[in-house]
K.L.:
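This is the structure, below, for whatever I ask next.
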Amino acid sequence: GARRVQWHRFYAQQPWPAPQAMAAAVEAAVRAALGAHGTRPVFVWCFIEVDRMIHQQGYSDEVIEVVAAMGQLAGRLAEQGMVVVAHSHHGLVRTRHNEGIEACLNGLSARFGVELGGAGRTRWVYAPASSLDRVRDCLERELGSCVRVCPANEVFGSFGLARARVGELVLIAQGEQFVTFDGHAFDHGSDLEDEVHVPLAVWDGSGHYHARPWSTESVR
């Protein structure tokens with residue numbers, strides 16, 4: 001019974017809109033959705049896209065201003081008797097492109113016929129069964145402590161749709177050094193604490209909020 005409402009593509013492309021303009025647009029969208037249902041109880045789920053902005057510039061003053069403006073909006077709505085919950089489905093951590101890691105991964109294709117999948121701070125490796133052990137030895141030797149090399153069953157389990165789609169090995173960034181694209185300086189997809197323990201806040205009727213970390217395994 002849900003009704004989808006198309007509104008603004010806030011961060012589809014640069015230049016980014018001003019934080020206060022974004023907050024005003026979100027408020028207008030939320031209030032329009034609430035007003036369309038009169039006095040009936042209604043649940044509104046609003047996706048606010050700052051992911052691309054953080055990917056490129058990190059947790060800048062502008063990003064903090066966007067989040068603060070959303071917090072102020074949540075407080076105003078809570079004071080009017082609404083229940084407001086805010087959450088993120090993952091965090092982002094600083095990631096620096098490492099040309100040595102890139103060269104290693106590119107070289108696997110020529111040497112062993114390997115293909116790669118995945119994105120962000122995780123890759124999975126499709127390797128011919130005949131060369132799997134040699135591929136793993138090469139990865140562990142050349143990537144060192146920057147990247148954890150582990151069996152796919154350790155990450156995805158032995159069965160299920162996700163496991164069926166990935167290769168036999170999974171590469172997970174262990175720190176800042178990995179491979180990036182599109183000028184990303186922050187990324188997600190590994191299992192560092194700042195990626196899997198993400199914000200969850202609930203505003204009460206006084207406009208104050210209670211925040212706590214929320215652990216999620218959905219980042220992969």
Side-chain angles (χ1 to χ4, degrees), residues 11-14 47 49-60 63 87-200 213-220:
Y11 285 110
Q13 60 186 5
Q14 295 191 36
F47 175 65
E49 217 277 65
V50 294
D51 181 83
R52 303 182 201 194
M53 192 178 192
I54 299 173
H55 271 302
Q56 294 188 8
Q57 64 185 46
Y59 297 94
S60 63
V63 169
H87 71 90
S88 171
H89 67 295
H90 63 69
L92 292 108
V93 300
R94 181 174 292 282
T95 307
R96 302 180 188 278
H97 185 75
N98 185 303
E99 293 183 355
I101 295 176
E102 181 182 36
C104 171
L105 298 183
N106 289 340
L108 291 176
S109 177
R111 294 171 62 184
F112 302 108
V114 163
E115 294 184 7
L116 297 175
R121 292 167 50 80
T122 296
R123 297 289 188 276
W124 41 84
V125 179
Y126 302 97
S130 59
S131 59
L132 183 61
D133 289 341
R134 287 182 294 157
V135 169
R136 180 168 186 168
D137 290 344
C138 176
L139 288 168
E140 290 178 340
R141 182 176 62 253
E142 296 191 24
L143 299 183
S145 61
C146 291
V147 180
R148 179 157 59 96
V149 182
C150 57
N153 289 355
E154 181 180 314
V155 179
F156 293 96
S158 302
F159 304 99
L161 182 60
R163 177 63 189 89
R165 290 180 173 177
V166 302
E168 293 300 319
L169 298 174
V170 176
L171 312 178
I172 304 175
Q174 297 296 281
E176 291 188 3
Q177 303 294 319
F178 202 56
V179 286
T180 63
F181 62 98
D182 287 348
H184 285 188
F186 280 68
D187 219 327
H188 55 90
S190 75
D191 51 12
L192 295 186
E193 183 174 356
D194 286 349
E195 295 176 81
V196 298
H197 290 86
V198 296
L200 172 67
W214 175 47
S215 181
T216 174
E217 293 298 323
S218 65
V219 293
R220 300 191 192 95

K.L.:
Return the NE2 to NE2 distance between H188 and H55, rounded to the nearest 0.5 Å.
P.N.:
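These two atoms lie 3.5 Å from each other.
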K.L.:
Closest approach of C150 and V155, non-hydrogen atoms and distance?
P.N.:
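Reported closest heavy-atom pair: SG-CG2, 3.6 Å.
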K.L.:
Evaluate V125 against R136 for side chain to side chain contact (heavy atoms under 4.5 Å, CB included), listing each step before the verdict.
P.N.:
CA-CA 9 Å; V125 179; R136 180 168 186 168; over 6 Å; no
K.L.:
Which heavy atom of D182 sits nearest a heavy atom of Q56, and at what distance?
P.N.:
O-NE2, 4.2 Å
K.L.:
For A152 versus G167, what's the shortest heavy-atom pair and its separation?
P.N.:
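Shortest heavy-atom contact: CB-O, 3.1 Å.
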K.L.:
What is the distance from atom CD1 of I54 to atom CG of D187, rounded to the nearest 0.5 Å?
P.N.:
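Answer rounded to 0.5 Å: 11.5 Å.
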K.L.:
Atom CH2 of W124 and atom CG of L171: how far apart are they, to the nearest 0.5 Å?
P.N.:
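W124 atom CH2 to L171 atom CG measures 11.0 Å (nearest 0.5 Å).
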K.L.:
Write down the atom of V114, the atom of A127, and the distance for their closest heavy-atom approach.
P.N.:
CG2-CB, 3.8 Å
K.L.:
Taking the side chain as every heavy atom from C-beta outward, state whether L105 and L139 have any pair of such atoms under 4.5 Å apart.
P.N.:
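Answer yes - side chains close enough.
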K.L.:
Can you name the one residue among V170, I172, V179 that meets side chain to side chain contact (heavy atoms under 4.5 Å, CB included) with R123?
P.N.:
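Only one option passes, and that is V179.
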K.L.:
Flag the pair R121 / L192 as yes when at least one side-chain heavy-atom distance between them is below 4.5 Å, and no otherwise.
P.N.:
yes
K.L.:
If you round to the nearest 0.5 Å, how far is CG of L92 from NE2 of H184?
P.N.:
9.0 Å
K.L.:
Identify whether the distance between the nearest side-chain nitrogen and carboxylate oxygen of R148 and E140 falls below 4.0 Å.
P.N.:
no
K.L.:
Can you establish whether the number of heavy atoms outside N153 located under 6.0 Å from its atom CG is more than 12?
P.N.:
yes
K.L.:
Nearest 0.5 angstrom please: C146 SG to N98 CG, how far?
P.N.:
6.0 Å
K.L.:
Main chain of V93, side chain of T95: is a donor-acceptor contact present, judged purely on distance under 3.5 Å?
P.N.:
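Such a contact is found between T95 side chain and V93 backbone.
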K.L.:
Can you give me the closest heavy-atom contact between F156 and A162, atom names plus distance?
P.N.:
CD2-CB, 3.8 Å
K.L.:
List the atom of V63, the atom of G58, and the distance in Å for their closest heavy-atom pair.
P.N.:
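Scanning both residues completely, I find the closest heavy atoms to be CG2-O, 3.5 Å.
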K.L.:
If you measure from OG on S190 to CD on E195, what distance do you get to the nearest 0.5 Å?
P.N.:
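So the gap between those two atoms works out to 3.0 Å.
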K.L.:
Step through the shown structure and confirm whether more than 12 heavy atoms of other residues, nucleotides or ligands are within 6.0 Å of CZ on R163.
P.N.:
yes
K.L.:
Has E115 got more than 12 heavy atoms of other residues, nucleotides or ligands less than 6.0 Å from its CD?
P.N.:
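Open.
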